[in-house]
Each structure stands twice: as structure tokens, then as C-alpha cells.
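Below: one structure, written as C-alpha cells.
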Amino acid sequence: MDVATHPYVPEWLDLAGYVAPEHGALELCAIMGTAVVLVLWMAYTVLQRRVRGTELAAALWFVLCGTMHCTFELYFVLHYRGLAARRDVVASMWKEYAKSDSRYMQGGTGNFAPVLAQEASTVLVVGPLCWLAVYAMWTRRSAVRELSQLAASVMHIQSVLLYFGAELLAREPSCRPEPRYFYGYFVGANLPWLVVPLVLATSSVTRMRAQMAIARAVDVNSKIDTYRE
């Protein structure tokens with residue numbers, strides 16, 4: 001069987017029906033960047049009416065995450081089997097990103113299972129948690145906000161660490177050797193989902209500990225007052 005010509009590693013991958021993207025890398029990055037700016041701008045115009053300061057920044061982050069998880073990554077979960085042959089813009093984005101991780105193009109074969117499991121859990125669990133965090137900030141439900149923010153952030157951190165670890169420990173690399181694919185796509189496109197969640201998880205734990213300390217102090221004071229009476 002002839003192996004289809006493609007730009008991914010390892011070169012022996014058989015991507016039947018592979019069709020090269022019709023859009024260049026810069027064009028795809030511009031489209032993605034424009035979409036991100038529009039999502040954040042629309043979210044800001046709504047959220048800034050009731051959310052302020054660092055909480056607004058966190059809300060915008062979760063809007064961006066929820067949107068990407070429930071649209072861009074949902075597309076992958078629904079179309080991963082025929083992704084190599086698809087011609088639309090979103091498929092082209094995945095094909096471009098796959099130059100840093102060819103597992104996304106393997107469509108159910110090889111080392112694909114962990115990737116699909118990770119993306120599916122992100123779509124089904126993390127995405128809704130992100131939107132729950134935004135809703136809690138909008139409705140000022142602090143307990144729900146802290147729990148959903150902490151849960152989503154921890155899952156983001158776990159996902160990125162597993163993702164990086166799986167590639168770094170693999171016997172054969174899935175990323176092309178050019179620095180722009182490893183540092184730009186593989187590291188750069190995923191690192192924010194490690195750094196920002198670390199900050200958010202830390203802030204949630206700090207606030208939760210402070211609230212627990214206040215609750216304990218109030219409980220102790222109430223017991224002292226009761227004893228005095």
C-alpha cells in the first residue's frame with residue numbers, strides 16, 4: 001500500500017485520503033486570532049457590567065476556554081476519523097497544529113486513544129466547568145465560583161502535564177523537528193493552560209482557606225458567647 005504524502009512525523013504514517021490544507025499557516029493564525037479577539041470583546045462588553053478587576057480577567061479566561069473546548073475541540077471529537085480528508089477551515093487548523101503532534105491525524109490508530117480521551121474529557125467536563133465558573137461570577141455565587149474554578153484549573157493542569165509527558169516519553173516523536181513547531185505550537189499553544197490555571201487554582205485555594213478560617217473564628221466566638229450566657 002502506498003503511503004500518502006504528508007508533512008507529519010513519523011514519515012511512515014499512513015494517512016489515507018490526506019488532503020493538504022488550503023490555507024497557509026499565517027492565514028490560519030490570523031483567523032484564529034481574530035476569532036479569539038471577537039470572543040473576548042463580546043464577552044467583555046457583557047461581563048464588565050457586573051464583574052470587575054481580576055475577577056473579570058478570570059471570567060474572560062473561562063469564556064475563552066469554554067468556547068474553545070465546546071467548539072474547536074468538539075469539532076475534533078466529532079470528526080477525528082475523517083480529519084485528514086476534510087477541507088474546511090477548522091480542519092485546516094487542526095492539520096496545521098498536528099505538525100507539532102501527528103497523533104491528531106491518526107484517526108483512531110496508533111497512539112491516538114489517549115489524545116481522544118483527553119479531548120473528549122475536555123469537551124464533556126472541563127468546558128461545562130468553565131461556563132459554570134463564568135455563570136457563578138456573573139451571579140456572584142462565590143462558593144460555586146471557587147469550586148468550579150478550582151476543578152477546571154486542576155483538570156487543565158493535569159491535562160497539559162499528561163500531554164507534555166506523553167510526548168516527551170514517547171519512543172518516536174510526533175512533532176516535526178523545526179523549532180517553530182515544537183516551541184511555537186507544542187509548547188507555546190499549550191503553556192497558557194498550565195500557567196494561568198496554576199494562578200487561578202492558587203487564588204481559589206487561598207480564598208477558600210481564608211473563608212474557612214473566618215468560619216472557624218465565627219464558630220468559636222459563637223460557642224464562647226453561648227458558654228458565657
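All heavy atoms count here, side chains included; hydrogens, waters and symmetry mates do not.
- In this structure, the side chains of Pro173 and Phe182 stay at 4.5 Å or more apart for every pair of heavy atoms.
- In this structure the side chain of Ser153 never reaches within 4.5 angstrom of the side chain of Ser204, judged on heavy atoms.
- With hydrophobic clusters built from ILVMFWY side chains whose heavy atoms lie under 4.5 angstrom apart, Val154 does not share a cluster with Val125.
- The cluster map of Ile, Leu, Val, Met, Phe, Trp and Tyr, joined by side-chain heavy atoms under 4.5 Å apart, puts Met155 and Val115 in different clusters.
- Put simply, the side chain of Met93 reaches to within 4.5 Å of the side chain of Ile31, judged on heavy atoms.
- Around the OH atom of Tyr135, the shell of radius 6.0 Å holds no more than 12 heavy atoms that belong to other residues, nucleotides or ligands.
- Contact of the Met68 side chain with the Val39 side chain is not registered, since no non-hydrogen atoms from C-beta on lie closer than 4.5 Å.
- Each of Met137 and Leu150 belongs to its own hydrophobic cluster when Ile, Leu, Val, Met, Phe, Trp and Tyr are linked at side-chain heavy-atom distances under 4.5 angstrom.
- Heavy-atom neighbours of Gln158 CD from other residues, nucleotides or ligands within 6.0 Å: at or below the threshold of 12.
- One distance of note links OG1 of Thr67 with CG of Leu38; it measures 11.5 Å at 0.5 Å rounding.
- Considering all non-hydrogen atoms of both residues, Cys65 and Cys130 come closest at CB-SG, 3.7 Å.
- In this structure, His79 and Tyr75 have tilted ring planes: the angle between them lies in the 30° to 60° band.
- A continuous path of ILVMFWY side-chain contacts below 4.5 Å connects Val187 to Val195, so both sit in one hydrophobic cluster.
- Scored by the side-chain hydrogen bond (donor to acceptor under 3.5 Å, both in side chains) test, Ser159 finds Gln118 as partners (sequence neighbours excluded).
- Note that Lys99 lies outside the cation-pi zone of Tyr104, set by a 6.0 Å cut-off to the ring centre and a 45° limit from the axis.
- Across Cys70 and Leu74, no two heavy atoms sit closer than the pair O-CD2, 3.4 Å.
- Put simply, CG on Leu198 and CH2 on Trp193 are 14.0 Å apart, with the number rounded to the nearest 0.5 Å.
- Distance CD/Glu167 to OG/Ser100: 8.5 Å, rounded to 0.5 Å.
- A side-chain donor-acceptor contact under 3.5 Å links Ser148 to the backbone of Arg145.
- Residues Arg49 and Tyr44 form no side-chain contact, since every pair of their non-hydrogen atoms from C-beta on lies 4.5 Å or further apart.
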query = Yes or no on side chain to side chain contact (heavy atoms under 4.5 Å, CB included) for Leu64 and Leu40, after CA distance, side-chain angles and deciding distance?
reply = CA-CA 7 Å; Leu64 178 61; Leu40 292 177; 4.0 Å; yes

message = Assess the residue pair Leu60 and Val134 against the criterion (side chain to side chain contact (heavy atoms under 4.5 Å, CB included)); give the C-alpha distance rounded to whole Å, side-chain angles, the decisive distance to 0.1 Å, and a yes or no.
response = CA-CA 8 Å; Leu60 291 174; Val134 175; over 6 Å; no

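- Within the 3.5 Å criterion, the main-chain N or O of Tyr18 finds no donor-acceptor partner in the side chain of His6.
- Not a single salt bridge (Lys or Arg N to Asp or Glu O under 4.0 Å) links Glu119 to another residue, sequence neighbours left out.
- Note on ring orientation: taking the six-membered ring where Trp is involved, the planes of Tyr181 and Tyr185 are perpendicular (angle over 60°, cut-offs 30° and 60°).
- At least one donor-acceptor pair under 3.5 Å links the side chain of Arg140 to the backbone N or O of Arg50.
- Judged by distance alone, the side chain of Ser203 and the main-chain N or O of Leu200 form a donor-acceptor pair under 3.5 Å.
- Contact of the Leu47 side chain with the Val63 side chain is registered, since non-hydrogen atoms from C-beta on lie closer than 4.5 Å.
- Note: His69 and His156 have tilted aromatic rings, judged against thresholds of 30 and 60 degrees for the angle between ring planes.
- Contact check for Gln149 versus Phe62: side-chain heavy atoms found under the 4.5 Å cut-off.
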key: Test log, rule side chain to side chain contact (heavy atoms under 4.5 Å, CB included), inputs Met105 and Leu13   = CA-CA 9 Å; Met105 297 303 297; Leu13 284 177; over 6 Å; no

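- Scored by the side-chain hydrogen bond (donor to acceptor under 3.5 Å, both in side chains) test, Arg180 finds no partners at all (sequence neighbours excluded).
- Atom CG of Leu83 is separated from atom CG of Leu15 by 9.5 Å, given to the nearest 0.5 angstrom.
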message = Run the side chain to side chain contact (heavy atoms under 4.5 Å, CB included) test on Phe186 and Arg176 for me, step by step, so that the C-alpha distance in whole Å, both residues' side-chain angles and the decisive distance to 0.1 Å come before the verdict.
response = CA-CA 10 Å; Phe186 183 75; Arg176 288 180 60 88; over 6 Å; no

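- Going from atom CG of Leu26 over to atom CD of Glu96 covers 9.0 Å, rounded to the nearest 0.5 Å.
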inquiry  = Using the rule given for ring-ring contact (aromatic ring centres under 6.0 Å, His included), can you reason through Phe72 versus Trp94, listing the C-alpha separation, both sets of side-chain angles and the distance that settles it, and then say yes or no?
reply    = CA-CA 9 Å; Phe72 187 63; Trp94 278 111; 4.4 Å; yes

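- Remark: side-chain polar atoms of Trp41 are not paired, donor with acceptor, to backbone N or O of Val36 under 3.5 angstrom.
- Using a 4.5 Å heavy-atom cutoff, the side chains of Phe76 and Tyr97 are not in contact.
- Looking only at distances, a side-chain donor or acceptor of Lys95 sits under 3.5 Å from a matching main-chain atom of Val19.
- The backbone N or O of Ala98 lies less than 3.5 Å from no partner atom in the side chain of Ser102, so there is not a single donor-acceptor pair.
- Note: Trp138 and Trp131 fail the aromatic proximity criterion, with ring centroids not under 6.0 Å apart.
- Hydrophobic clustering places Val160 together with Leu191 (ILVMFWY residues linked when any side-chain heavy atoms are closer than 4.5 Å, directly or through intermediates).
- Without hydrogens or angle criteria, Ser92 side chain to His23 main chain gives no donor-acceptor distance under 3.5 Å.
- Separation of atoms CG (Leu162) and CG (Leu169) is listed at 10.5 Å; rounding is to 0.5 Å.
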